[in-house]
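The chain is numbered in sequence order, starting from 1.
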Amino acid sequence: DPTAQGGGVILRPCVLPRVMHLFRGHYARSLLPLASDFDAMMRMTAARPWRTSPNWGRAVDLQVRLPLRWGGMGLRPVAEVAPAAFLGSWAQALPVVQGLLGGAPLLGPDAGPSPTATAVRHAELHWQELAGRPDVQPVDWAAAAASPQGLRKQQRALSSSVDRERRRSLQRAALPE
């Protein structure tokens, strides 16, 4: 159906990036309900042209959230991509910010306490949970600070880890009991 295709084409590249821009620069637990509300609104908006109920079952919901290249509908939830966006932004911007401020490291194991370090730690913990990788450090902050341009493509790598966990969840949900 061309209407259903058009709805997806408009939602993915036009609406989602504008909201993700907010989360690249800000990560706070107080914003997560806003992200969840936005995700619910996107679900209802997408259900209309797809002529479905927005109350999808678990397996359908997981598949809708997968990227197109993995057979999903590409409606990745902002609440789940936000930690990757925030961490990826800092991984790229850290050398410039560190150079401007100088002094002790801003992020990583040697960083002192600060609101930024706290927000980054919360984002790291959330990412570890979403990616199903509790023992993996999402960003090598020393490498990010040492590279003149920071770690490029870090958001993509972190988002892909969350997508892989979502795909594994879908595969588990699809298995007969």
Side-chain angles (χ1 to χ4, degrees), residues 11-42 62 64-70 72-171:
L11 288 174
R12 281 187 305 275
C14 297
V15 178
L16 286 172
R18 297 187 190 299
V19 174
M20 283 310 304
H21 185 74
L22 169 70
F23 286 97
R24 280 189 187 93
H26 305 284
Y27 186 85
R29 290 181 186 200
S30 61
L31 287 178
L32 292 180
L34 173 69
S36 295
D37 290 347
F38 176 79
D39 293 337
M41 180 193 70
M42 289 295 288
L62 289 167
V64 165
R65 295 171 176 221
L66 283 175
L68 293 172
R69 70 183 178 279
W70 289 350
M73 297 301 287
L75 289 180
R76 297 157 84 194
V78 172
E80 293 180 12
V81 181
F86 183 71
L87 295 171
S89 178
W90 266 108
Q92 190 168 350
L94 182 60
V96 173
V97 175
Q98 187 73 53
L100 288 170
L101 297 176
L106 295 174
L107 298 174
D110 296 331
S114 72
T116 300
T118 299
V120 164
R121 187 63 192 137
H122 288 304
E124 288 174 330
L125 292 170
H126 193 188
W127 177 85
Q128 289 170 325
E129 177 187 333
L130 292 167
R133 303 180 76 186
D135 299 330
V136 173
Q137 186 62 33
V139 178
D140 180 347
W141 296 112
S147 174
Q149 294 184 339
L151 300 179
R152 298 171 99 36
K153 309 272 186 199
Q154 190 70 32
Q155 178 182 343
R156 177 174 289 176
L158 295 171
S159 294
S160 292
S161 292
V162 173
D163 290 337
R164 282 191 292 279
E165 179 59 25
R166 194 176 303 118
R167 185 171 56 180
R168 284 189 291 272
S169 295
L170 173 62
Q171 290 166 340

Measuring from Leu68:CG to Arg76:CZ, what's the distance to the nearest 0.5 Å?
10.0 Å

For the residue pair Ala79 and Leu32, what are the closest heavy atoms and their distance?
O-CD2, 4.5 Å

Rounded to the nearest 0.5 Å, how far apart are CG of Leu151 and CG of Leu87?
11.5 Å

Please indicate whether Arg121 has more than 12 foreign heavy atoms, meaning atoms of other residues, nucleotides or ligands, lying under 6.0 Å from its CZ.
yes

Quick one: pull up CZ in Arg164 and OG in Ser159 and give me the separation to the nearest 0.5 Å.
10.5 Å

How far does CG of Leu34 sit from CG of Asp39, to the nearest 0.5 angstrom?
9.5 Å

Return the minimal non-hydrogen interatomic distance between Gln128 and Val136, and the atom names on each side.
NE2-O, 2.8 Å

For residues Ala117 and Leu106, report the shortest heavy-atom separation together with the two atoms involved.
CB-O, 4.1 Å

Rounded to the nearest 0.5 angstrom, the CZ-CH2 distance for Phe86 and Trp127 is 15.5 Å

Closest heavy-atom pair and its distance - Asp163, Pro67:
OD2-CG, 3.3 Å

Tightest non-hydrogen contact, residues Ser161 and Arg133, listed as OG-NH1, 3.5 Å

Gln154 and Gln92: CA distance, side-chain angles, deciding distance, side chain to side chain donor-acceptor pair (under 3.5 Å) verdict:
CA-CA 8 Å; Gln154 190 70 32; Gln92 190 168 350; over 6 Å; no

